[in-house]
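What follows is a short report on a single structure.
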Amino acid sequence: MTPRTAPRTRTPRAGARRRRSGPGDGRAKILDAQILVVAAPTWVGHPSSWAQRALERMDAMISETDDQDRPVAYDRVAGVVVAGNEDGAHHVISEIVGGLGDIGFTIPPQAWTYGNQGPGPGPDDRDTDHGHDWSASTGRAMAGNLVAVARALAANPLPAPAS
């Protein structure tokens, strides 16, 4: 048995910036935007760990308010794009939409789309045309609904919630 050694650490070079990656890095971009679209794959019937982590990081926004004492996500709309077959897509959409609604985003009707290959494993989307028209059609409906609701909220902002 060999003795344990301390893990090696790398020291950053002078003037090097720390590089961040992953969900949560774009908080300011989210708050500057009127529309947020979360894209996630179906991963064993659930949102991917990256999508879940993004929701968990945005969860901190629940307790943040703007200068009018409204949740910071108010007057922002959100939608979801799910990559993968139909297996679990509705579950992934409901998980993400539920979280976004809790955070304060407005979710318009038909604010989602996904690959429509039917349940179970199937061919790669790039290898077939099946479902592409349906996905494109629901994607256009999603985009139109997101823009319409964002414009409505810009014209008529939500009031602060009752305390």
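- Residues V149 and L100 do not share a hydrophobic cluster, defined by chaining ILVMFWY side chains whose heavy atoms lie under 4.5 Å apart.
- Checking side-chain atoms of T113 against main-chain N and O of S135 turns up a donor-acceptor pair under 3.5 Å.
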Worksheet item: M58 and L36: side-chain contact (heavy atoms from CB on, under 4.5 Å), yes or no, with the steps?
Response: CA-CA 12 Å; M58 284 189 286; L36 172 68; 4.0 Å; yes

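- Contact of the Y74 side chain with the P161 side chain is registered, since non-hydrogen atoms from C-beta on lie closer than 4.5 Å.
- The structure places CD1 of I96 at 9.5 Å from NE2 of H91, a figure rounded to the nearest 0.5 Å.
- For the side chain to side chain contact (heavy atoms under 4.5 Å, CB included) with P47, the lone residue among V92, V38, L55, V82 that qualifies is V92.
- Between atom CG of residue L146 and atom CD of residue Q110 there is a gap of 10.0 Å, rounded to the nearest 0.5 Å.
- The shortest side-chain heavy-atom distance between R70 and P157 falls under the 4.5 Å cut-off.
- Minimum heavy-atom separation, S48 to W43: CA-CB, 4.1 Å.
- Not one N or O on the side chain of T42 forms a donor-acceptor pair closer than 3.5 Å with the backbone of G88.
- Going from atom CZ of R27 over to atom CZ of R57 covers 13.0 Å, rounded to the nearest 0.5 Å.
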Discussion item. Let's go through F105 and I30 carefully: what are the C-alpha distance in whole Å and the side-chain angles of both, what is the deciding distance for side-chain contact (heavy atoms from CB on, under 4.5 Å) to 0.1 Å, and is it a yes or a no?
Written reply: CA-CA 11 Å; F105 288 92; I30 291 170; 3.9 Å; yes

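- Residue A78 comes nearest to P108 through the heavy atom pair O-CD, 3.6 Å, listed as atom of the first residue, atom of the second, then distance.
- Clustering ILVMFWY residues whenever any of their side-chain heavy atoms sit less than 4.5 angstrom apart, transitively, puts I35 in the very cluster that holds M142.
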Practice prompt. Could you give me the CA-CA distance, side-chain angles and deciding distance for T106 and L158, then say whether side-chain contact (heavy atoms from CB on, under 4.5 Å) is met?
Written response: CA-CA 10 Å; T106 298; L158 293 167; 4.0 Å; yes

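- The distance from the CZ atom of R53 to the CG atom of D59 is 15.0 Å, given to the nearest 0.5 Å.
- Judged by distance alone, the side chain of N145 and the main-chain N or O of P109 form a donor-acceptor pair under 3.5 Å.
- At a threshold of 4.5 Å between side-chain heavy atoms, the hydrophobic network of Ile, Leu, Val, Met, Phe, Trp and Tyr places L31 and V37 in two separate groups.
- Transitive grouping of hydrophobic side chains (ILVMFWY, heavy atoms separated by less than 4.5 Å) brings M61 and V97 into a common cluster.
- The CD1 atom of I93 sits 11.5 Å away from atom CD1 of I107, with the distance rounded to the nearest 0.5 Å.
- In terms of hydrophobic clustering, with Ile, Leu, Val, Met, Phe, Trp and Tyr side chains grouped at heavy-atom distances under 4.5 Å, L153 and I103 are assigned to different clusters.
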